[in-house]
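What follows is a single structure, written as structure tokens, with notes after it.
Residues take their numbers from the sequence shown, with the count starting at 1. Quick note: numbers below take in every heavy atom, side chains included, and nothing from hydrogens, waters or symmetry partners.
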Amino acid sequence: MNILVTGANGQLGNEMRVLSQENTQHTYFFTDVQELDICDEQAVRAFVAGNRVDVIVNCAAYTAVDKAEDNAELCDKLNHLAPGYLAAAAEACGAALIQVSTDYVFDGTGHLPYTEDMLPCPNSVYGSTKLAGERAVMEKCSRAMIIRTAWLYSIYGNNFVKTMLRLGRERETLGVVFDQIGTPTYAHDLACAIFAAINRGIIPGIYHFSNEGVCSWYDFTLAIHRLAGITTCKVSPLHTDEFPAKAPRPHYSVLDKTKIKKTFGIEIPHWESSLEECLSKLIVDR
């Protein structure tokens with residue numbers, strides 16, 4: 001199959017690139033904005049048709065949650081309109097589309113893991129535009145698969161894990177929120193799930209994916225420091241209202257992964273074992 005991966009220079013895109021070396025039965029087109037501007041509808045149609053693309057994996061998104069509150073138009077362009085262009089281009093060629101979405105489509109006021117059939121209720125520009133993107137994709141492409149994920153990190157780019165490593169080495173004290181509960185997602189594991197879906201046959205619909213287990217950002221930070229051997233920084237728990245942010249965060253955004261596990265026969269590692277794997281790569285690379 002011919003597979004187009006957009007947003008290829010981001011965390012997930014880079015992990016897709018790495019795993020493509022283990023999935024050599026496919027031909028790949030890895031693009032970022034320099035190679036293909038997904039906000040250009042005509043360029044998207046021409047690229048998908050001209051390269052006879054069979055599957056599009058859209059890893060591109062506007063993910064600066066706080067900045068999105070002041071840049072709603074650009075955020076909407078990347079998270080809503082562009083996925084719609086990709087979906088229409090895929091439908092025109094009979095291709096499938098995997099759209100990566102987010103836990104921010106929920107407001108996080110629940111207390112049970114979110115399933116795919118629960119009603120979305122975003123309360124931020126970022127979450128609202130991602131939900132609009134989901135709906136555009138589902139409307140325009142009959143072979144669309146939505147994968148919602150959360151708390152993404154990897155060895156690539158800037159992310160929470162790298163920030164906590166840096167601050168842990170620079171500071172003697174650090175405060176991290178303890179009243180936002182969710183599950184970290186190692187981008188490598190998400191990329192593996194995407195390849196499982198492609199190789200076993202894409203089944204349209206909405207799916208949830210994160211690593212297994214539950215923690216707070218505070219717990220996550222303690223694990224990062226412990227596994228990295230950082231002992232000189234005291235981490236203290238903070239309430240969300242002690243850490244002001246422009247966009248509201250979900251207080252509880254644990255995703256139920258039952259559907260994706262059963263549909264594609266995959267096993268998902270616990271977040272702590274995946275964190276350990278990621279840190280071993282980061283420490284080796286230092």
Side-chain angles (χ1 to χ4, degrees), residues 7 10-13 15 57-66 68 75 79 98-131 133-134 145-154 156-164 176-194 197 206-221 223-224 240 245 247-261 266 268-275 277-278:
Q11 295 189 87
L12 181 58
E15 295 288 5
V57 183
N58 183 27
C59 302
Y62 187 107
T63 57
V65 176
D66 288 323
C75 189
N79 292 347
I98 297 176
Q99 167 72 9
V100 180
S101 192
T102 174
D103 58 326
Y104 275 74
V105 301
F106 300 109
D107 63 10
T109 59
H111 62 280
L112 295 173
Y114 285 98
T115 58
E116 293 83 355
D117 58 1
M118 287 182 174
L119 190 67
C121 44
N123 60 358
S124 65
V125 169
Y126 170 66
S128 297
T129 59
K130 290 296 287 185
L131 179 59
E134 287 186 12
M145 179 177 174
I146 309 288
I147 304 180
R148 294 173 180 152
T149 191
W151 297 24
L152 199 67
Y153 70 92
S154 75
Y156 303 102
N158 297 316
N159 54 64
F160 185 82
V161 170
K162 287 186 175 181
T163 299
M164 292 304 105
V176 183
V177 294
F178 76 95
D179 56 356
Q180 294 173 26
I181 308 300
T183 311
T185 305
Y186 183 26
H188 176 82
D189 293 336
L190 176 54
C192 287
I194 290 171
I206 299 173
Y207 299 84
H208 289 171
F209 184 94
S210 67
N211 282 109
E212 297 284 21
V214 178
C215 67
S216 69
W217 291 108
Y218 167 73
D219 298 317
F220 192 24
T221 303
I224 293 166
T240 295
R249 265 60 174 176
H251 279 276
Y252 183 91
S253 62
V254 179
L255 300 175
D256 188 308
K257 281 84 67 175
T258 303
K259 182 179 178 182
I260 199 167
K261 288 188 288 186
I266 61 175
I268 303 176
H270 188 271
W271 68 263
E272 195 162 338
S273 62
S274 290
L275 173 62
E277 180 184 331
C278 179

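Of the candidates F220, Y153, W151, F220 is the only one forming a ring pair (Phe, Tyr, Trp, His ring centres under 6.0 Å) with F160. Put simply, the residue from H208, E116, Q99 that forms a side-chain contact (heavy atoms from CB on, under 4.5 Å) with I146 is Q99.
With hydrogens and angles ignored, the 3.5 Å screen pairs no side-chain donor or acceptor of E15 with any backbone N or O of D189. Judged by distance alone, with hydrogens and angles left aside, the side-chain atoms of K130 form no donor-acceptor pair with the main-chain N or O of A61 at under 3.5 Å. Looking at N79, its side chain does come within 3.5 Å of a backbone N or O of Y62 through a donor-acceptor pair. For T183 (side chain) and G213 (main-chain N/O), a donor-acceptor pair under 3.5 Å exists by modelled atom type. Side chain of T115 to main chain of D256: no donor-acceptor pair is present (N/O by atom type, distance under 3.5 Å, no hydrogens or angles). Side-chain atoms of K162 never come within 3.5 Å of backbone atoms of S154 as a donor-acceptor pair (strictly under, hydrogens ignored).
Nearest heavy-atom pair, D219 versus W271, reported as atom, atom and distance to 0.1 Å: O-CH2, 4.3 Å. The minimum heavy-atom distance between P248 and Y104, with the atom names listed, is O-CE2, 4.0 Å. Here the closest heavy-atom approach between residue A197 and residue M145 is recorded as CB-CE, 3.7 Å. The two residues N211 and P269 have their closest heavy-atom pair at ND2-O, 3.0 Å. Contact between Q180 and T240 at its shortest, heavy atoms only, is NE2-OG1, 3.1 Å. Across every non-hydrogen atom of G108 and P250, the tightest pair is CA-CB, 3.7 Å.
Within the 4.5 Å cutoff, no side-chain heavy atoms of Y114 are placed close to those of V105. At a threshold of 4.5 Å between non-hydrogen side-chain atoms, the residues L255 and T185 do not count as touching. Between Y126 and T63, some side-chain heavy-atom pair lies under the 4.5 Å cut-off. For the pair V100/N58, no side-chain contact is recorded, criterion being any heavy-atom separation below 4.5 Å from C-beta on.
Between D66 and R249 a salt bridge is recorded (basic side-chain N to carboxylate O distance below 4.0 Å).
The line from OG1 of T149 to CG of D103 is 7.5 Å long, rounded to the nearest 0.5 Å. Rounding to the nearest 0.5 Å places CG of L190 at 9.5 Å from OG of S210. With rounding to the nearest 0.5 Å, the separation of CG in D107 from NE2 in H251 is 10.0 Å. Note: L152 CG to Q11 CD = 5.0 Å, rounded to the nearest 0.5 Å. Atom OH of Y252 and atom CG of L112 lie 6.5 Å apart (nearest 0.5 Å). To the nearest 0.5 Å, atoms NZ (K259) and NZ (K261) are separated by 14.5 Å.
Around the CG atom of N158, the shell of radius 6.0 Å holds no more than 12 heavy atoms that belong to other residues, nucleotides or ligands.
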